[in-house]
2 protein chains.
Amino acid sequence: MSDLLERLRGRGWRMTAQRRVVAEVLDGEHVHMTADEVHARAVTKLPEISRATVYNTLGELVTLGEVIEVTTDRRAKRYDPNAHRPHHHLVCARCGAIRDVHPTGNPLADLPDAERFGFTVSDVEVTYRGLCPDCAGI
Amino acid sequence: MSDLLERLRGRGWRMTAQRRVVAEVLDGEHVHMTADEVHARAVTKLPEISRATVYNTLGELVTLGEVIEVTTDRRAKRYDPNAHRPHHHLVCARCGAIRDVHPTGNPLADLPDAERFGFTVSDVEVTYRGLCPDCAGI
DNA sequence: TCCTACGTTGGACTTTGTCTAAGTCAAATG
DNA sequence: CATTTGACTTAGACAAAGTCCAACGTAGGA
Ligand SMILES: [Mn+2]
Ligand SMILES: [Mn+2]
Ligand SMILES: [Zn+2]
Ligand SMILES: [Zn+2]
């Protein structure tokens, strides 16, 4: 994530305080923030940053392949800076906690030709659902 | 789907023209309509039916286990009357076409204990993405 | 037939995200 | 450095999907 700013520059993108702050906020393990959460944290470092710019920058990071959009529920999209290692997600149905998981096996191989209906299948998302330790105890 | 009305009655639910119409609309193969699409079709049979009632009834059918909510994108939820046979979905990234698919293998078995982080995992959704024959040709 | 609790309705409201016009500024240029 | 310019940022209007509510209507039991 730290050389992200270089890559952006390499693409001829202008470096701004806003983009730097959004990139800084998106860092860590099992980070899956909504756009508004990113904005809330960005504001603590750069009070004037607007919601629109956060949306714009997140969209650019997704296009760049530095961040992945994750949709685990019908609420807000989540932005996942762990774009380097392919993984799937385990979601608590009650509190919404999200963990990265790395299942064995290849789900793409599990889809026979007869079940592809002529589609060119390029990607697969797997979402495991259940209750986290905290929520299961209640 | 035809005995749905019986089951509803068995649960002590009042039978109304609105609920009957929503149940009728939700029938067929590879049907994955949004709430507004269900409403649009329901209106042709019962012009006075309101959006709120469609949402209410769909929610009730989901609770009853007669219909499954499918979220393939961050647009509208889709309602799937094929709740009887477990299946997953294949989605065209361009036009949004949805097909039911039945992959081999069990993704739940592919998630080792060490990757469960103490969660009680109860369900898994798999979404295959790609291009349908029409969209791949363009 | 009458009652009433449950179902329905329209509209206001919320959440999430997009769009735009006007202002600002990074960085190329000399 | 100072200038210049088009890409970037901003506030706020707008849109789509869904929820909520108070008033009204009716299914089905007494
Ligand atoms: Mn992740
Ligand atoms: Mn389906
Ligand atoms: Zn939880
Ligand atoms: Zn298509």
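Convention: sequence-line order gives letters A, B, ...; per-chain numbering from 1. A quick note: this is a predicted structure, and the numbers were derived from the prediction, not measured.
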Indicate yes or no: does B/Glu69 engage A/Arg74 in a salt bridge with an N to O separation below 4.0 Å.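 So B/Glu69 does not pair with A/Arg74 through a salt bridge.
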Length of the [atom1]-[atom2] vector between [X] and [N], whole Å:
X       : N      : atom1 : atom2 : answer
A/Leu58 : D/dT9  : CG    : C1'   : 15 Å
A/Arg20 : C/dA26 : CZ    : C1'   : 10 Å
A/Arg11 : D/dA7  : CZ    : C1'   : 16 Å
A/Arg75 : C/dT14 : CZ    : P     : 14 Å
A/Arg9  : D/dC8  : CZ    : P     : 13 Å
B/Arg78 : D/dA16 : CZ    : P     : 15 Å

The test is side-chain contact (heavy atoms from CB on, under 4.5 Å); show your working for A/Glu66 and A/Leu8 and say whether it passes. CA-CA 10 Å; A/Glu66 287 293 331; A/Leu8 283 166; over 6 Å; no
Which of C/dG17, C/dT9, D/dT10 is nearest the side chain of A/Ala76? It is C/dG17
Between A/Gln18 and B/Tyr55, whichever has its closest DNA chain D nucleotide further toward 5' is A/Gln18
Would you say A/Asn82 and A/His30 are linked by a side-chain donor-acceptor pair, where the criterion is simply a distance under 3.5 Å? no
Identify, residue by residue, the members of residues 35-52 of chain B with a heavy atom below 4.0 Å from DNA chain C, and return them in order of residue number, or none. B/Glu48, B/Ile49, B/Ser50, B/Ala52
Is B/Thr16 close enough to D/dT26 that one of its side-chain N or O atoms is under 4.0 Å from OP1 or OP2 there? no
Can you tell me if B/Arg19 touches the phosphate of C/dT8, counting only side-chain N or O atoms and a distance under 4.0 Å to OP1 or OP2?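 Answer yes for this pair, as a side-chain N or O of B/Arg19 is under 4.0 Å from OP1 or OP2.
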Do [X] side-chain atoms and [Y] backbone N/O form a donor-acceptor pair below 3.5 Å?
X        : Y        : answer
B/Arg19  : B/Arg14  : yes
A/His32  : A/Asp100 : no
B/Arg129 : B/Thr72  : yes
A/Glu115 : A/Pro112 : no

Can you list, in residue-number order, the parts of residues 88-99 of chain B that come under 4.0 Å of DNA chain D, counting heavy atoms only? none
Looking at CE of A/Met15 and CZ of A/Arg9, how far apart are the two atoms once the value is rounded to the nearest 0.5 Å?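 Reported value, rounded in 0.5 Å steps: 5.0 Å.
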Take B/Arg74 and B/Trp13, find for each the nucleotide of DNA chain C with the closest heavy atom, and name the residue whose nucleotide sits nearer the 5' end. B/Trp13
With DNA chain C as reference, determine whether A/Met15 or A/Asn56 sits nearer its 5' end, using the nearest nucleotide of each. A/Asn56
Parallel, tilted or perpendicular for B/His102 and B/His87, by the 30°/60° rule?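 Tilted: the ring planes of B/His102 and B/His87 meet at 30° to 60°.
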Tell me whether B/Val38 shares a hydrophobic cluster with B/Leu61, the cluster being built from Ile, Leu, Val, Met, Phe, Trp, Tyr side chains joined at under 4.5 Å. yes
Do B/Arg41 and B/Val21 have side chains that get closer than 4.5 Å, going by heavy atoms?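 They are not in side-chain contact.
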Collect all protein-nucleotide pairs involving nucleotides 3-6 of chain D in which both atoms are nitrogen or oxygen and the distance is under 3.5 Å.
residue: D/dG6; atom: N2; partner: A/Arg14; partner atom: NH1; Å: 2.7
residue: D/dG6; atom: N2; partner: A/Arg14; partner atom: NH2; Å: 2.5
residue: D/dG6; atom: N3; partner: A/Arg14; partner atom: NH2; Å: 3.2

Residue pair A/Pro81 / A/Val67: nearest heavy atoms and the distance that separates them: CA-CG2, 4.2 Å
